[in-house]
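Everything on this sheet refers to the single structure shown next.
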Amino acid sequence: MKPSVTLDVQYDRWLEPTTPFNFDATFHKPDHFPSADQTWQPGCRWQTMLWQGQLLGLRFQNRGTLEQPGINLTIYAASELSEVFLDSLVKEIRFRYNLDMDMDAFNRQMLADDQSKAVMQRWLGLRPMNPGSLYEYLIIAIVLQNATVRRSVNMLQTLFDHYGTPLIFDGWTLFGWWQPEALHEVPEQALRDLKVGYRAKSMKRVSETFALQRMDEFVLRGKSADEQRKALLELYGVGPASVGYLMFDVFHRWDEIAAISPWEQKIYSRLFFNTETDQPVPVSDLMAYFTRRFAGHRMLAVHVFWEDLFWKRSHEKVEWLEALIRL
DNA sequence: CATCAGGGCCCTG
DNA sequence: CAGGGCCCTGAT
């Protein structure tokens with residue numbers, strides 16, 4: 001474990017998202033597995049961030065409403081930050097948390113659809129949210145592969161314990177991510193000793209790509225979806241399932257719907273067709289259905305339904321779902 | 001105690 | 001393009 005770092009320099013920034021904005025549904029995703037770089041309470045989210053080599057703590061406080069949104073952002077750092085740095089940081093935060101997202105067309109489309117209207121009204125202003133960098137998401141995608149949720153959680157925690165930095169701010173100790181160089185320099189066996197198994201090789205190769213600056217997240221953002229997909233698939237250890245998540249969460253491709261895996265197929269079948277989970281709707285039918293009903297925003301629409309389900313699960317038992325989520 | 005699939009992907013034939 | 005192998009875990 002690395003020595004912890006206390007972040008006692010603070011800066012405040014006022015953020016105004018576009019409307020409508022649902023703070024909690026955007027800043028907390030009950031379907032994401034818990035990870036030690038973030039925590040949430042209603043109306044407040046804490047998150048670490050590695051930006052331009054600086055380890056930071058972030059606190060987002062809800063100070064607005066659905067139609068008059070406002071967020072107080074407090075940035076915690078170990079030393080003073082320049083105005084230029086803070087400006088670039090805030091700009092990146094606005095991107096990652098989708099605070100400038102124009103939701104009008106999507107909202108109109110969903111509210112005009114009889115079957116989506118009730119869910120949409122419940123979650124108006126809910127946005128996707130990915131707090132991390134492309135590199136960080138790739139590591140998460142790799143620990144997700146071929147593992148139960150509990151194992152994924154354990155693998156990420158072990159990685160934080162060895163390569164992350166505990167950051168102390170606002171009464172919390174949360175882990176900051178490591179730079180790609182850290183894993184690039186480590187022997188593969190050292191990673192295997194952390195029980196990540198064959199994923200060690202993928203983590204090494206992905207870290208190498210970023211350490212040697214062979215992939216640039218910010219350049220990729222400006223490319224077409226086809227180019228992004230192709231570049232991601234070329235990474236060792238990254239296949240269609242991971243690319244699907246990356247395209248949506250990291251590159252904000254709201255229409256991108258990836259290969260639907262069996263467990264997702266079962267959940268979608270139940271959600272949209274109310275079928276028993278042992279009689280799932282064929283993937284091709286699901287895909288055609290999404291395209292017909294959610295054209296232009298397919299994954300975004302599915303995300304809203306998905307979140308609706310997992311919020312429900314967080315305060316009541318959803319029997320059929322429990323069987324599909326092996327912890 | 002043994003077996004097996006899991007929130008995939010790579011490699012081989 | 002199909003199918004075996006991969007690390008480790010917890011469920012059975």
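Between A:R151 and B:dG6 there is no side-chain N or O to OP1 or OP2 distance below 4.0 Å. Taking 4.0 angstrom as the limit, A:T148 places none of its side-chain polar atoms (N or O) nearer than this to OP1 or OP2 of C:dA11.
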Dump the intermediate steps for ring-ring contact (aromatic ring centres under 6.0 Å, His included) on A:F23 and A:F60, then the final yes or no.
CA-CA 9 Å; A:F23 181 93; A:F60 300 88; 7.5 Å; no
Assess whether salt bridge (Lys or Arg N to Asp or Glu O under 4.0 Å) is satisfied between A:K117 and A:D114, documenting all intermediate values.
CA-CA 5 Å; A:K117 193 174 178 181; A:D114 282 343; 6.0 Å; no
Working note: A:E234 + A:K230, criterion salt bridge (Lys or Arg N to Asp or Glu O under 4.0 Å); need CA distance, chi angles, decisive distance, verdict.
CA-CA 6 Å; A:E234 281 171 5; A:K230 182 168 176 289; 3.2 Å; yes
Steps toward ring-ring contact (aromatic ring centres under 6.0 Å, His included) verdict (A:F290, A:F272):
CA-CA 10 Å; A:F290 292 150; A:F272 295 105; 5.2 Å; yes
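Contact annotation: side chain of A:R199 to base of B:dC9, donor-acceptor pair absent below 3.5 Å.
Residues A:S152 and A:K201 each lie close to DNA chain B; by heavy-atom proximity, the contact nearer the 5' end of the strand is made by A:S152. Taking the nucleotide of DNA chain C with the nearest heavy atom to each of A:N154 and A:E188, the more 5' of the two is matched to A:E188. Nearest-nucleotide assignment on DNA chain B puts the 5′-proximal partner with A:F310, out of A:F310 and A:S202.
B:dG7 atom C1' lies 15 Å from atom CG of A:L309, rounded to whole Å. Rounded to whole Å, the distance from NZ on A:K204 to P on C:dC6 is 21 Å. In this entry the distance linking CE of A:M155 with P of C:dG10 reads 11 Å, nearest Å. Put simply, OH on A:Y198 is 11 Å from P on C:dC8, counting in whole angstrom units. Atom CG of A:N146 and atom P of B:dG6 are 8 Å apart (whole Å). Between the CH2 atom of A:W306 and the P atom of B:dG7 there is a distance of 11 Å, rounded to whole Å. Regarding A:D193, its CG atom lies at a distance of 9 Å from the P atom of C:dC8, rounded to whole Å. The CE-P distance, from A:M203 to B:dC10, rounds to 14 Å in whole Å.
The one candidate from A:R298, A:K29, A:R127 that meets the side chain to side chain donor-acceptor pair (under 3.5 Å) condition with A:H303 is A:K29.
Side-chain contact, A:S35 with A:D37: a donor N or O sits under 3.5 Å from an acceptor N or O. Counted by atom type alone, A:Y135 and A:T209 present zero donor-acceptor pairs between their side chains at under 3.5 Å.
When the P atom is compared between C:dC7 and B:dT12, the two are found 15 Å apart, to the nearest whole Å. Rounded to a whole angstrom, the distance from the P atom of C:dC1 to that of B:dG7 is 27 Å.
By the 4.0 Å N-to-carboxylate-O rule, A:K204 lies too far from A:E208 to be salt-bridged with it.
Using a 4.0 Å heavy-atom criterion, one finds that A:S242 contacts the sugar-phosphate atoms exclusively.
Of the residues in residues 223-241 of chain A, none lies under 4.0 Å from DNA chain C by heavy-atom distance.
Taking every side-chain heavy atom of A:W263 into account, B:dG7 is the closest of C:dC8, B:dG7, C:dC7. Closest to the side chain of A:Q145, from the set B:dG7, B:dG8, C:dT9, is B:dG8. Comparing C:dG10, B:dG7, C:dC8 by their closest approach to the side chain of A:R150 singles out C:dG10.
Pairing partner, C:dC8: B:dG6, with both Watson-Crick or wobble hydrogen-bond distances short of 3.5 Å.
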